Participant: 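Please read through the structure below; I'll follow up with questions.
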Amino acid sequence: MTVTPTPRIAVIVVAAGSGTRLDAGGPKALVGIDEHSILRHALRGVFAAPTAQVVIVAPADREGDALTEAYAAADEADAVHPLASGRRRDLVGVVVGGSTRQRSVAAGLRALWADVDVVLVHDAARALTPAAVFERVIDAVDASGAGVVPVLPVIDTLKRVESDAVVEAVDRTSLTAAQTPQGFPRPLLEAAYAAAEQEFTDDTALVAAHGVSVRTVDGDERAFKITTRGDLSRAQMLVTEQPAARAMSREPAPPAPAVLPRVGVGTDVHAFGGDGELWLAGLRWKDEPALSGHSDGDAVSHAVVDALLSAAGLGDIGSRFGTSRPEYAGAHADVFLDATRVLLHEAGWRVGNVAVQVQANRPRFAARRAEAEAALSTALGGAPVSVSATTTDGLGFTGRGDGVSAFAVALLLPR
Ligand code: CTP
Ligand code: MG
């Protein structure tokens, strides 16, 4: 069997420019669009991509501000789409840029970790670049092994002029407008930078001058570069989602989500008669008889796990965390729920909400219901969980007090 290694992707975000044309009284990347800076907005797209390292190239003396922005963006992304591998903060580094964009990229290249093998270079000034553009570029570098630039067709009719006189029309069919992020296999980009003897306006031009062709993928209208006051106004309108801004950007209305929410159900039953203390709904219940089971017998959290797995079509608790797995012996709700959340995340889902009902004579949930909801919700990364409890009027095995039964429904949303 051959194993294809997953490329380790770094994004260099160049943010060291002074913003002469914007003329906002400070470095452009730290100018606000709304309550957030251009850099902070740019990092939203960056952190949504599957990156292993993010190098921010900051203006001299503003590394601290850049790091603050980066941490805020990293935490925001963690809250929405937690990574199984850890916090996005740990991916971030800040270096000081140079006097030209090319020198700033070179500074970023020097900060790459040894195991990075694909590099994307992105202008912070293209603050509203959607995550999909990053994904397209990464996929194309991965598939082709070549450099990749996102492009848009040129819409305007073009003229070559001398002084103020039109000399000739320029055929626009073979022209495109280059955007960022531009992605490259690391050895290619480093070799091209080492060989460059003049200034180029972007990395595609620099690599092309090195004699290596670069491929194109579709860019996006929202990846426009904030250069002038007019561009900043356009960005301001887009982030406040004014309909006028959408019309101005010639952007079609966003399509309906292709993936619909999904619901799932789960039940679980455990008999009293286990060793030790009772664990139910993620809580320890002192002085209550324990439930029996391979893990802690927590029927409530197991029903929740089953509902979540069923909604995602990922099987059930037995097939995922069965009795053959010694690491789950004696495990509590937080272990199962966290592992389930990771499975869901990897399959493209996040938890919308969960409702679970427990049928039992004891323990009495009324006094600890909020505590149980908080424990289960925390273990699921903050999704709302509601817990209700009932007795069965003395009927059945729960009515006889032989055990506990739980029934859960879950709603999943596409990530
Ligand atoms: N950039 C950089 N280092 C430089 C110059 C530019 O990191 N010495 C970055 C900018 O921060 C920007 C991107 O390169 O994100 C594209 O540059 P541009 O839009 O031209 O930004 P500025 O150079 O800041 O603007 P201006 O040319 O108007 O001064
Ligand atoms: Mg510039």
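Counting from 1, the numbers follow the sequence of the chain as shown. Side chains are part of it too, since the values below use all heavy atoms of this structure and drop only hydrogens, waters and symmetry mates. Since this is a predicted model, take the numbers as computed values, not measurements. In each ligand, atom 1 is the first atom listed, and ligand 1 is the first ligand listed.
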Participant: Can H41 and D34 be counted as having a side-chain donor-acceptor contact under 3.5 angstrom?
Facilitator: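 The answer is yes; a qualifying pair exists.
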
Participant: Going by the order shown, which atoms of ligand 1 are within less than 4.0 Å of some heavy atom of S99?
Facilitator: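 Under 4.0 Å from S99, ligand 1 has these atoms: 8 (N).
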
Participant: What protein heavy atom sits nearest atom 21 (O) of ligand 1, and how far off is it?
Facilitator: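 Looking only at protein heavy atoms, the one closest to atom 21 (O) of ligand 1 is K28 NZ, 3.1 Å.
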
Participant: Between the main-chain N or O of V116 and the side-chain N or O of R186, is there a donor-acceptor pair closer than 3.5 Å?
Facilitator: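 Yes.
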
Participant: Mind checking the CG-CD spacing from L291 to E277? Nearest 0.5 Å is all I need.
Facilitator: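 L291 atom CG to E277 atom CD measures 12.5 Å (nearest 0.5 Å).
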
Participant: How far is atom 7 (O) of ligand 1 from its nearest protein heavy atom, and which residue and atom name does that atom have?
Facilitator: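 For atom 7 (O) of ligand 1, the nearest protein heavy atom is A16 N, 2.9 Å.
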
Participant: Does anything in residues 330-340 form a side-chain hydrogen bond (donor to acceptor under 3.5 Å, both in side chains)? List the pairs, not counting sequence neighbours.
Facilitator: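 Every pair satisfying side-chain hydrogen bond (donor to acceptor under 3.5 Å, both in side chains) with a residue in residues 330-340: D296-H332, D338-R341.
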
Participant: If we count only N and O atoms by modelled type, under 3.5 Å, do the side chains of R222 and T129 hold a donor and an acceptor together?
Facilitator: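 No.
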
Participant: Please state which protein non-hydrogen atom is closest to atom 20 (O) of ligand 1 and give its distance, to 0.1 Å?
Facilitator: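 Sorting protein heavy atoms by distance from atom 20 (O) of ligand 1 puts R21 NH2, 3.1 Å first.
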
Participant: Answer with yes or no whether A29 contacts ligand 1, where contact means a heavy atom under 4.0 Å from a ligand atom.
Facilitator: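 Contact absent.
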
Participant: Quick test: of every protein heavy atom, which one is nearest to atom 3 (N) of ligand 1, and how far off is it to 0.1 Å?
Facilitator: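 Minimum-distance protein heavy atom for atom 3 (N) of ligand 1 reads S104 OG, 2.6 Å.
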
Participant: Report the nearest protein non-hydrogen atom to atom 26 (P) of ligand 1: residue, atom name, distance rounded to 0.1 Å.
Facilitator: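 Result: T20 N, 3.5 Å.
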
Participant: Does ligand 1 have any atom sitting under 4.0 Å from a heavy atom of S18?
Facilitator: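 Judged by the 4.0 Å heavy-atom criterion, S18 does count as contacting ligand 1.
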
Participant: Do any N/O atoms on K225 end up under 3.5 angstrom from N/O atoms on ligand 1?
Facilitator: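 Between K225 and ligand 1, an N or O pair is found under 3.5 Å apart.
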
Participant: Has the side chain of T180 got a donor or acceptor atom that lies under 3.5 Å from a matching backbone atom of Q182?
Facilitator: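 No, because the side chain of T180 does not come within donor-acceptor range (under 3.5 Å) of the backbone of Q182.
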
Participant: Answer yes if the ring centres of H81 and F47 are under 6.0 angstrom apart, and no otherwise.
Facilitator: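 Centroid distance H81-F47: not below 6.0 Å, so no.
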
Participant: Is there a donor-acceptor pair closer than 3.5 Å between any side-chain N or O of E373 and the backbone N or O of V387?
Facilitator: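 Side chain of E373 to backbone of V387: a pair is present.
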
Participant: Atom 13 (C) of ligand 1: which protein heavy atom is closest, and how many Å away?
Facilitator: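 Answer, as residue, atom name and distance: D123 OD1, 3.4 Å.
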
Participant: Ignoring angles and geometry beyond distance, decide whether L22 reaches within less than 3.5 Å of ligand 1 through its nitrogen or oxygen atoms.
Facilitator: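 Such a contact does not occur with ligand 1.
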
Participant: Purely on distance, is any nitrogen or oxygen of G19 under 3.5 Å from one on ligand 1?
Facilitator: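 Yes - when backbone and side-chain N and O of G19 are compared with those of ligand 1, one distance drops under 3.5 Å.
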
Participant: Tell me whether S292 contacts the main-chain N or O of A271 through its side chain, where contact means a donor paired with an acceptor under 3.5 Å.
Facilitator: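 Yes, the answer is positive, given that a donor and an acceptor are paired below the 3.5 Å cut-off.
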
Participant: Which residue and atom name correspond to the protein heavy atom nearest atom 9 (C) of ligand 1, and how close is it?
Facilitator: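 It is V14 O, 3.7 Å.
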
Participant: Within a reach of under 6.0 Å around CZ of R44, are more than 12 heavy atoms found that belong to other residues, nucleotides or ligands?
Facilitator: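 Yes, CZ of R44 has more than 12 neighbouring heavy atoms, counting only those of other groups under 6.0 Å.
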
Participant: Report the nearest protein non-hydrogen atom to atom 11 (O) of ligand 1: residue, atom name, distance rounded to 0.1 Å.
Facilitator: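 Closest protein heavy atom to atom 11 (O) of ligand 1: G17 N, 2.9 Å.
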
Participant: Take every heavy atom of V57, measure it against each atom of ligand 1, and state whether any distance is under 4.0 Å.
Facilitator: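 Not so, V57 does not reach ligand 1.
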
